[in-house]
Amino acid sequence: MATNSFKKDFDIARPYLKWAGGKTQLLLELEKRLPLFILESGVIERYVEPFVGGGAMFFYLKNHYQVTESILLDVNPELIMAYRVIQSDVDKLITLLKNMETEHLSKGEEVRKENFYSIREEYNQKMQDMDYQNYGDEWIQRTALLIFLNKTCFNGLFRINSKGEFNVPFGRYRNPTICDEGNLQAVHHALEKTEILCRDFTHARHFIERNTLVYMDPPYRPLNSTSHFTSYSRERFNDQDQEKLAHFYREMDSKGAYLILSNSDPKNHDLKDNFFDELYSGYEIDRVPAKRNINSNTSSRGEIKELIIRNFHD
């Protein structure tokens with residue numbers, strides 16, 4: 001395996017936001033299931049990720065493999081805005097975040113709390129007037145607000161309500177790292193030769209061809225009726241969307257791409273639930289251990305099974 005042979009002269013890039021549903025804990029399981037020719041050569045010619053989210057898989061591959069070209073997509077405009085700002089103006093962003101960190105940490109806890117809710121209100125008020133089409137300084141300022149909120153809110157996650165407003169409450173952290181300069185610079189370098197698009201997953205078909213490596217990490221299907229947590233964007237991802245994605249998966253399979261998809265395993269809750277087994281019939285379906293960490297109810301955390309579905313085997 002060529003995992004550790006590809007070295008870089010800057011820090012290892014990690015997700016710059018804590019993202020519910022992030023794949024950090026599954027990375028080794030995912031890596032073991034890469035195509036053999038990639039594991040042996042350490043080279044990925046083209047990588048496409050239609051639901052990039054926090055980007056844990058993307059950053060892992062960029063740290064350990066030579067990725068010639070990559071295309072990242074997501075429907076969340078705030079997330080894609082932040083990726084593009086780090087790609088284009090990381091130094092300006094770091095300056096803003098350093099100032100915000102210095103000011104925030106100089107205050108007592110109650111004043112920090114007031115500061116947090118003031119910034120959250122500013123962030124939400126400006127959302128309706130944001131121009132997500134034309135890059136500008138406003139994008140840099142807004143990305144700083146987004147990262148600040150992510151680093152100082154409860155449980156450090158991104159969640160919005162039906163109006164599209166960030167609604168996570170204040171988190172009582174002693175000394176939160178609001179500006180992780182080393183990682184932001186590493187993320188900036190990782191995003192070289194990367195196209196970043198705010199589009200639906202189906203748009204990825206324009207970039208997927210024979211031998212393209214594609215990782216799909218859609219909003220997970222809820223394990224039960226009370227575990228809905230797909231509010232990373234205004235759009236919900238229901239069973240019809242999962243079926244649409246399975247159709248897309250088969251379409252991309254016909255192109256000769258190498259496909260890896262992850263999702264929750266319905267059998268954690270109901271052993272008779274064959275939803276994904278039927279949707280992806282004929283493909284390699286592995287059940288691997290994982291932990292649910294982001295849940296307000298600690299009794300709902302713990303080890304479960306997740307699915308890794310491939311259209312190839314070595």
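Residue numbers start at 1 and run along the sequence shown. Bear in mind the structure is a predicted one, so any value in this text is a computation, not a measurement.
- Pairs engaging residues 123-133 under the salt bridge (Lys or Arg N to Asp or Glu O under 4.0 Å) rule: Glu122-Lys126 [sequence neighbours left out].
- Remark: Arg120 is not positioned above the aromatic ring of Tyr117, lacking an NZ or CZ atom under 6.0 angstrom from the ring centre and at most 45 degrees off the axis.
- Listed by first and then second residue, the salt bridge (Lys or Arg N to Asp or Glu O under 4.0 Å) pairs that reach into residues 252-262 come to none, sequence neighbours excluded.
- Within a 6.0 Å sphere centred on NE2 of His247, heavy atoms belonging to other residues, nucleotides or ligands number 12 at most.
- Interatomic distance, CG of Leu73 versus CG of Asn76, reported as 13.0 Å (0.5 Å rounding).
- Geometrically, Arg205 does not engage Phe248 in a cation-pi contact, judged by NZ or CZ lying under 6.0 Å from the ring centre and within 45° of the ring axis.
- For the pair Thr194 (side chain) and Leu191 (backbone), a donor-acceptor distance under 3.5 Å is present.
- Partner Phe51 forms a ring pair (Phe, Tyr, Trp, His ring centres under 6.0 Å) with one of Phe58, Tyr215, Phe237 and no other, that one being Phe237.
- In this structure, CG on Leu307 lies 6.5 Å from CG on Asn263, to the nearest 0.5 angstrom.
- Neither side chain, His188 nor Gln185, offers a donor N or O lying under 3.5 Å from an acceptor on the other.
- With a 6.0 Å cutoff to the six-membered ring centre and a 45° limit on the axis angle, Arg310 does not count as a cation-pi contact of Tyr283.
- Atoms CZ and OH, on Phe116 and Tyr173 in that order, are 9.5 Å from each other to the nearest 0.5 Å.
- The environment of Gln240 atom CD is dense: over 12 non-hydrogen atoms of other residues, nucleotides or ligands sit within 6.0 angstrom.
- Residue Lys92 qualifies as open at atom NZ: its count of foreign heavy atoms under 6.0 Å is 12 or below.
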